[in-house]
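Below is one structure, written out as structure tokens, with a few remarks after it.
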Amino acid sequence: MQQGFRAFPPVEQWDDWVEGGRHYGLVATTCFNCEAACGLLAYVDKESRTVKKFEGNPRHPGSRGRNCAKGPATLNQITDPERILYPLRRAGKRGEGKWERVSWDEALDDLAGRVRRAIVEERHTSVMYHVGRPGEDGYTERVLAAWGIDGHNSHTNICSSGARAGYAFWMGMDRPSPDHSNAKCILLISAHLESGHYFNPHAQRIIEAKQRGAKIIVMDPRLSNTATHADYWLPTYPGSEATVLLAMANVLIREGLYDREFVRRWVNWDEYLRAALPGEPVTYERFEEELRRLYAGYTPERAEAESGVPAATIVEVARAVAAAGPAFSAHTWRASAAGNLGGWMTARCLFFLNVLTGSVGTRGGTIPNAWTKFVPAPHARPPHPKNWNELTWPREYPLAFFEMSYLLPHFLKEGRGTLDVYFTRVYNPVWTNPDGFSWIEVLRDERLIGRHAALTPVWSETAWFADYVLPVGLGSERHDLASFETHAGSWLGFRQPVQRALAERLGEPVADTRDTNPGEVWEENEFWIELSWRIDPDGALGIRKHFESPYRAGEKLRVDEYYRWIFEHSVPGLPEAAAAEGLAPMEYMRRYASFEVPGTAYGRHEQEVPTEEMAQAVVDATTGRIYTSAPPGPPSANIVPVPAPPGDAAGRRAAGVMVDGRPCRGFPTPSGRLEFYSSTLAGWGWPEYAIPTVIESHVHPSRLDPAREEFALVPTFRLPMLIHTRSGNAKWLNELAHSNPLWLHTGDARRLGIGTGDLVRVETEIGYFVVRAWVTEGMRPGVVACSHHMGRWRVAEQSGTDRWSSALVRIEEEGGGKWRMRRLHGVQPWSSADTDSSRVWWRGAGVHQNLTFAVHPDPVSGAHAWHQRVRVVRAAPEDQEGDVVVDTTRSHDVYKQWLEFARPASGAGGLRRPYWLLRPLRPAPEAYRFPEPGR
Ligand code: SF4
């Protein structure tokens, strides 16, 4: 493992590493700045007990010692003079900016009392936990399950729902895990090398493959740094990606370049034939005939007309994909899938290419994420909640992936419910979500939200509207477990408070993480344990027992005990690996903060169902689906359980599928195979989308008026050195990037008479923002783009959002839902404990475009379709950079228009949602049923 990492301090010297005459304890943890959870190594000065720097952790299997700029910048975050060090309570009206210090005890007692009352009075759905960056797997869901509430809310639907839906309808697992390192051809829809999902771990493996000769294909209307490294840059018009992918599929089909045997064995073609051509022979040959017919119309010429990419290039790329065969890795996450009405179909059509090339679960192919992600089981698992929260899972969106989080303001305004206690956790919807002024309107209304506790490491535009601002730790100040699909292997990462870990290493007692964190900064995990004990002090509600020590009966769980139990019992191979070094499992993880879980990620669908399981199995004669009454496998295994539909009298569990007479594990879909035909989509109101097809985007050229200078705006791209709210307090990162100009093609700019640096107004359906233009050949004509990683603001000179990144603004409410924001000044120097703050030279803070976007809920995936139909004009004389004007009455109208597209759960089978579809914090089967009339 150490080979190739000679530049890193050897592990034997991590207890006492000497550098520049100083003695350091080196403590491993994981980065909290994006979803990749790369390894970090903190250099803690043993004398001052301060962290001197963060470098990569060479023992981390995902990141392998490497980081992007945001990893080392964790140092800025923990030393930020603007950070919140003590719990605060609102002392004036919400949003007025008056705060007083409060003790953790006072905050805990108040919140626990309200949560307890809600539970006792059976108002379970009035308690909600809304997470932005989870950075962990399952801890908080366990807390909510212990409370018995369906109160989990997330940011997923403004991020990855489209991609998740596209993948899940194929394979029952909602993420791809591309094996880039071993691929011969890599197709990326978005800017993976600089800002993709699992950015640094994927980027290093994509480049490895490229160095070995793999072809890189990038679809993006913007010439990103990723596109510049590609063999083929396909600057597709936004929303045309699915058409291009189906044209490639057509080339593979008509030229016979697809893996016929894989498709025959693993695609549910028989189900398609039975549904689409009843009475016809159910033979594979008939299906192939049908396949040719279905996709013959997706010609490369049609794709060229839609996308602007030459037909010849599409054919060439399709043949490159086919040549890679099973070593074709592909990935899409946000980008097109998050931008367009019907964007989820981009992911479905992309995975169609994996299916046709037989590159599913193969070396160099694309692996279902559940085969690489590892989530270990804790010591106590509470039952599934028995209630269903319609504020997050409304009946209009029965197939959504997942909670309809960004519609919350509209649901509250419509009177669909109220919240008694609202926890936001590392989440900033006012700035991150579309339609932020509607969020402000509900956040400040105490009739709609009784208590708002913002658990956050930094000030944010949303925390400003909280009742409590509760400071929680950064990546080196908290415990979390995380595991992600970075490559064809599994690992478990252990985020830990590095000063606490060093103190324990030196034999110093630590009561809780606050002892070693700055000020009174805590970690959520200990906070939730303490809060749960106060909700149920005598254990009568059945909550407390889930927060008792597995080692000391009846006593309060310590956070280190929680992880110790997992490491001792739930991680295969870890106890042995630790013992080989003379360490206990907990000591091993405190030392390395990561562990490579043994096992192969390839070909799990082919694994045979064991004979003993088959002995009690029933095989469906038509479909070959294998059912068993045996309990599911161990929860710690990398297995996505396939639950039987609720109400199955036999209590059956799908355990596999017969393939050519062999009992195979298959895929966790209703058919057990990869679903070319989705009976779920067909049965839940969307028969026209049951097979891979094209859905016309809301920014399709036919919906734009060129005479009015309307463009498709791509507002979703990330900058490599920033990450949403969390990088606002990192001075190095903001020095690197502090503007988000509007990318505009040279020809469009010439026609509009706009040059680089000119101010333009970008008009959306609910308002406008004013931004500077950047004229470039690197943008597809007819499309404009603006990074969303900008436009941080605060309303008070000396408090609120960090001054490294925010502009001071004035917000005016003009009545009737009309809002206006004007920048008073940009970033400027100030004096603080960090002398660098007086040397700030940049003035830019970017423009907050998301405020001007109405919500666009995709009726199937539930994703917010981020792309905008906009008009771009020269700024008016009265306009200033950073101006934002919005009408929230209009935004509520747009919400209602999009709501009309939804096809609510029909109540078929009495269910709110297909039980087999993934769902965070899955409620008990009975909660899936609509209440009977009159109840
Ligand atoms: S890619 Fe960068 S920000 Fe993300 S976890 Fe790795 S080091 Fe941190």
Side-chain angles (χ1 to χ4, degrees), residues 5 8 27-43 51 53-78 80 132-137 155 159-160 175 177-178 180 188 190-208 224-226 331 333-334 372-373 426 432 457-458 473-487 491-496 498 593-594 717-734 736-737 787-789 805:
F5 291 110
F8 291 90
V27 187
T29 186
T30 64
C31 181
F32 190 50
N33 274 337
C34 88
E35 60 283 341
C38 296
L40 290 177
L41 201 55
Y43 286 59
V51 180
K53 62 178 175 180
F54 290 94
E55 294 197 340
N57 175 7
R59 299 289 294 238
H60 191 290
S63 56
R64 304 182 293 187
R66 301 165 199 171
N67 298 101
C68 77
K70 303 187 286 289
T74 303
L75 185 66
N76 296 165
Q77 297 172 309
I78 63 172
D80 174 24
R133 169 61 48 217
E136 57 101 358
D137 288 323
H155 76 282
C159 178
S160 57
R175 295 183 186 211
S177 179
H180 288 316
L188 306 168
S190 76
H192 281 63
L193 285 183
E194 69 223 67
S195 57
H197 210 233
Y198 313 130
F199 158 32
N200 156 51
H202 275 188
Q204 51 181 274
R205 291 173 171 89
I206 292 167
I207 292 299
E208 281 171 9
S224 65
N225 290 340
T226 307
H331 196 242
W333 201 236
R334 294 168 287 250
T372 55
K373 184 178 174 72
V426 194
T432 312
V458 303
L474 293 150
S476 58
E477 299 167 344
R478 52 188 295 130
H479 290 93
D480 289 306
L481 284 182
S483 170
F484 296 112
E485 50 274 21
T486 54
H487 62 288
W491 52 266
L492 185 65
F494 185 35
R495 186 170 297 124
Q496 58 177 340
V498 297
S594 60
F717 73 91
R718 280 179 169 184
L719 299 174
M721 63 295 281
L722 295 183
I723 187 73
H724 310 302
T725 297
R726 288 182 308 294
S727 52
N729 62 347
K731 60 186 178 186
W732 298 337
L733 303 178
N734 287 285
L736 286 167
S787 171
H788 71 278
H789 268 156
S805 57

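Every value quoted in this text rests on a predicted model; they were computed, and no experiment measured them. As the structure lists them, so they are numbered: ligands from 1, and atoms in each ligand from 1.
- In this structure, the side chain of Asn76 engages the main chain of Trp732 through a donor-acceptor pair within 3.5 Å.
- For Glu208 and Arg64, the salt-bridge test passes: some basic side-chain N is under 4.0 Å from an acidic carboxylate O.
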Please lay out, stage by stage, how Leu722 and Leu733 fare under the test side-chain contact (heavy atoms from CB on, under 4.5 Å). CA-CA 6 Å; Leu722 295 183; Leu733 303 178; 3.9 Å; yes
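- Take atom 8 (Fe) of ligand 1 and draw a sphere of radius 2.8 Å; the protein N/O/S atoms inside it number 1.
- Using the six-membered ring where Trp is involved, His192 and His202 have ring planes that are parallel, under 30° apart on the 30 and 60° scheme.
- Taking the ring centre of Phe32 as origin, the terminal cationic atom of Arg495 falls outside the region bounded by 6.0 Å and 45° from the ring axis.
- Qualifying side-chain contact (heavy atoms from CB on, under 4.5 Å) partners for Ser195, counting only residues two or more places apart in sequence or in other chains: Ala191, Arg718.
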